[in-house]
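Each chain gets a letter, A, B and so on, in the order the sequences are listed, and its residues count up from 1. The model shown is predicted, which means the values in this text are computed figures rather than measured ones.
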Amino acid sequence: MSVLLVAEISGANIALDATAKAVAAATALGPITVLAAGEGVDPAPLAALDGVAKVLHVEGADYGHQMPEALTDLLLSLAPGFTHIVAPATTSAKAAFPRLAALLDVMVISDVVAVESADTFARPIYAGNAIQTVKSNDPVKVLTIRTAGFDAAGSTGSAPVETLDPVAASDLASWIEDRVVTSDRPELTSAEVVVSGGRGVGSEESFALIEGLADTMDAAVGASRAAVDSGYAPNDKQVGQTGKVVAPDLYIACGISGAIQHLAGMKDSKIIVAINKDEEAPIFQVADFGLVADLFDAVPEMTEKLK
Amino acid sequence: MKILVPVKRVIDYNVKVRVKSDGSGVDLANVKMSMNPFDEIAVEEAVRLKEKGIATEVVAVSIGVAKSEDALRTALAMGADRAILITAADDVHTDIEPLAVAKLLDKVVEVEEPGLVIAGKQAIDNDMNATGQMLAALLGWGQATSASALEIADGTARVTREVDGGLQVVEVKLPAIVTCDLRLNEPRYASLPNIMKAKKKPLEKMTPADYGVDVTPRLELVKTDEPAARAAGQIVGSVDELISKLKEAGVA
């Protein structure tokens, strides 16, 4: 058995935490070859990950832009000889991996939360309301890993790096632009603390309260789907089944009622705090500590006292 | 330009999911079923493109049990012109895998020759997020998944995609596959007159055998479990008490 694992890379930036967690999840499946495809990538941090036998480094603008057509063509050229092709379940892998699987004539297995054996995997279905365990009878297993539940692989190794040429560019699609907000805050899916706001926050301006508490705690900012749909927070902050799945040490939900869709994205957090003025809110049923209070009083008070 | 919209009949998103005690799956007997919410967004987008004069015809296709006709009638009531029902299962608990669905859609595209396929980004039952991408692969077309904005011009689709870092804008050459995210549009409700009219719109009935596609699943279901439950904790009386609890736990 041998694993080809696609590192999550945007431009030159390696999402090391997500990649290291996927490496940890795939370690039991055999020696891991990591693909570092991007633009201006330094593959050294990937070569250092424990469990990695080799790194393949490929440069190309389309890879840096995470274009699924280009990434799929590259993966197809590398696939022969590997029994498992794996990536963290990021939006780029979710775009490319089903495409790859179809061309290999195998079924993709998305959002794996547990690797039971070389061919048997558990994944959430119905927005996390059920966990399905499936056995794949396909010759190659194409998997995306929901990384939140895995500990990251360590960085004590030193695997060799081999540089490859990019494959011919596809003209099916072209990148126009990324609209990415850069922030000094920790990244949502790897932060130790996440402070999230929901519909109860009431406006984009009031979302500054959530950001204030987050900055005081060196936390990432999250939002419920209701808050994103209402325009209080941008889409990339959405925590939930169709947004990001997080499992920080501490998750503070402010003005979030706790729809199943949202719970699916944060219920694996180690400690959950709920601040909501509605004592009947379902979020209290999963919270370790609940505070029935108006977030407009409680959040500024908490921010002040933690400074 | 013709637009093809695949739609799936799934458990209604408001229904509480119950895992069957024998671990064989989720209980779908006698529960309310509806069109997959992401597919409603796809139908809406296709109908809007027709209303703008960009699309000439909207064809909805569904693959599943015979009752999937309900989802197609909803699509027709929303404004699709005609429908294709591919009956691929007898039991509502049989989920046709995205790979098999993509292979069937590949054959439908061969016949219909649409200029664009708009699909939901995922079905809320199996949450695979795969069918659109798999279809694009089989057709050798470009793809733009998780769309939150779509413009058609000069033989291309300019798509704003929701990605991990924020938004990404790409251009895909037509024909192409676009899959919809939640914020692409707000689907209309079908009016009663339109629901009545939809009953008379053409609906073609097919089977996988008609297309020569094998829908045997590649993934064998071992078991379906309830997720581990999380116990409710304690209600604290004040911010001070909350902070002291968090400090005790070593997280603040």
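With a 4.5 angstrom heavy-atom cutoff, B:Lys103 touches chain A only via side-chain atoms. Neither the backbone nor the side chain of A:Ala293 comes within less than 4.5 Å of any heavy atom of chain B. Residue contact with chain A, scored on non-hydrogen atoms closer than 4.5 Å, involves the side chain of B:Thr145 exclusively. Both the backbone and the side chain of B:Val239 come within contact range of chain A, each with at least one heavy atom under 4.5 Å from a heavy atom of that chain. Looking at B:Val251, the atoms closer than 4.5 Å to chain A (heavy atoms on both sides) sit in the backbone and in the side chain alike. Residue contact with chain A, scored on non-hydrogen atoms closer than 4.5 Å, is absent for B:Tyr13. Neither the backbone nor the side chain of A:Ser10 comes within contact range of chain B, judged by heavy atoms closer than 4.5 Å. For a residue to count as touching a neighbouring chain, one of its non-hydrogen atoms must lie under 4.5 Å from one of that chain's; by this rule B:Thr156 does not touch chain A. Contacts between B:Ala231 and chain A at a heavy-atom distance below 4.5 Å involve the backbone alone (N, CA, C, O). With a threshold of 4.5 angstrom between heavy atoms, B:Ile243 approaches chain A through side-chain atoms but not through N, CA, C or O. Both the backbone and the side chain of A:Glu301 come within less than 4.5 Å of a heavy atom in chain B. Only the side chain of A:Val273 comes within contact range of chain B, with heavy atoms under 4.5 Å apart. With a 4.5 Å cut-off on non-hydrogen atoms, B:Leu174 does not touch chain A at all. Of the two parts of A:Thr120, only the side chain, counted from C-beta on, holds a non-hydrogen atom closer than 4.5 Å to a non-hydrogen atom of chain B. Both the backbone and the side chain of A:Ile272 come within less than 4.5 Å of a heavy atom in chain B. There is no contact between A:Asp218 and chain B, counting heavy-atom distances below 4.5 Å. For A:Met302, the parts lying under 4.5 angstrom from a heavy atom of chain B are both the backbone and the side chain. No part of B:Arg18 comes within reach of chain A, as not one of its non-hydrogen atoms sits under 4.5 angstrom from that chain. Interface residue A:Lys135: backbone and side-chain heavy atoms are both found under 4.5 Å from chain B. At a 4.5 Å heavy-atom cutoff, the contact between A:Lys270 and chain B is made by backbone atoms alone. In this structure, chain B has no heavy atom under 4.5 Å from any part of A:Asp297. Only the side chain of B:Leu242 comes within less than 4.5 Å of a heavy atom of chain A; its backbone N, CA, C and O stay farther away.
For the atom pair CD1 of B:Ile235 and CD of A:Glu279, the computed distance is 8.0 Å after rounding to the nearest 0.5 Å. Between the CZ atom of A:Arg99 and the CD1 atom of B:Ile177 there is a distance of 9.0 Å, given to the nearest 0.5 Å. With values rounded to the nearest 0.5 angstrom, B:Gln122 atom CD is found 8.0 Å from A:Asp111 atom CG. Between the CG atom in B:Leu246 and the CG atom in A:Asp249 there is a gap of 12.0 Å [rounded to 0.5 Å]. A distance of 7.0 Å separates CE in B:Met128 from CD1 in A:Ile109, rounded to the nearest 0.5 Å. If you take CD on B:Gln168 and CE on A:Met67, they are separated by 6.5 Å, rounding to the nearest 0.5 Å.
Among the candidates B:Pro217, B:Ala130, B:Pro227, the residue making the largest number of heavy-atom pairs closer than 4.5 Å to chain A is B:Pro227. Contact count against chain A (heavy-atom pairs under 4.5 Å) is highest for B:Gln143 among B:Gln143, B:Arg161, B:Glu226, B:Glu162. The residue among B:Leu99, B:Val169, B:Val170 with the most heavy atom pairs within less than 4.5 Å of chain A is B:Val169. Listed options A:Val106, A:Thr72, A:Leu188, A:Thr144 were ranked by heavy-atom pairs under 4.5 angstrom with chain B; first place goes to A:Val106. In terms of non-hydrogen atom pairs under 4.5 Å with chain A, the most contact-rich of B:Thr131, B:Val26, B:Leu135 is B:Val26. Looking only at heavy-atom pairs under 4.5 Å with chain A, the residue among B:Lys121, B:Lys173, B:Lys16, B:Glu171 that has the most is B:Glu171. Of the listed residues (A:Glu8, A:Met217, A:His65), the one with the most heavy-atom contacts under 4.5 Å to chain B is A:His65. Taking A:Gln132, A:Glu177, A:Gln285 one by one and counting their heavy-atom pairs under 4.5 Å with chain B, the maximum is reached by A:Glu177. In terms of heavy-atom pairs under 4.5 Å with chain A, the best-connected choice from B:Val159, B:Val163, B:Val10, B:Asp181 is B:Val163.
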Go through it in stages, so that I can follow the logic: the residues are A:Tyr126 and B:Asp125, the test is side chain to side chain contact (heavy atoms under 4.5 Å, CB included), and I'd like the CA-CA distance, side-chain angles, deciding distance and then a yes or no. CA-CA 5 Å; A:Tyr126 290 91; B:Asp125 50 3; 3.5 Å; yes
Pair B:Asn129, A:Val108 - check side chain to side chain contact (heavy atoms under 4.5 Å, CB included), show working.
CA-CA 10 Å; B:Asn129 189 338; A:Val108 68; over 6 Å; no
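Remark: side-chain polar atoms of B:Gln133 are not paired, donor with acceptor, to backbone N or O of A:Ala101 under 3.5 angstrom. Here the side chain of B:Asp164 pairs a donor or acceptor atom with the backbone of A:Thr91 at under 3.5 angstrom. Of the possible donor and acceptor atoms, one in the side chain of A:Asn235 sits under 3.5 Å from a partner among the backbone N and O of B:Gly166. B:Glu220 contributes no side-chain N or O that, together with a main-chain N or O of A:Asn137, makes up a donor-acceptor pair within less than 3.5 Å. Using a distance-only test at 3.5 Å, with no hydrogens or angles considered, a donor-acceptor pair links the side chain of B:Arg230 to the main chain of A:Val286.
Other residues, nucleotides and ligands contribute at most 12 non-hydrogen atoms within 6.0 Å of the CD atom of A:Glu192. Residue B:Glu186 qualifies as open at atom CD: its count of foreign heavy atoms under 6.0 Å is 12 or below. A 6.0 Å sphere centred on CZ of A:Arg146 holds more than 12 heavy atoms belonging to other residues, nucleotides or ligands. Around atom NZ of B:Lys67, no more than 12 heavy atoms belonging to other residues, nucleotides or ligands sit under 6.0 Å away. Annotation for B:Asn14: atom CG counts as buried by contact number, over 12 foreign heavy atoms lying within 6.0 Å.
Closest of all the heavy-atom pairs between B:Gly237 and A:Leu291 is C-CD1, 4.0 Å. Nearest heavy-atom pair across B:Asn126 and A:Ile125 is O-CG2, 3.8 Å.
Side-chain contact, A:Gln238 with B:Arg183: a donor N or O sits under 3.5 Å from an acceptor N or O.
Taking a cutoff of 4.0 Å between a charged side-chain nitrogen and a carboxylate oxygen, A:Arg123 and B:Asp127 do not qualify as a salt bridge.
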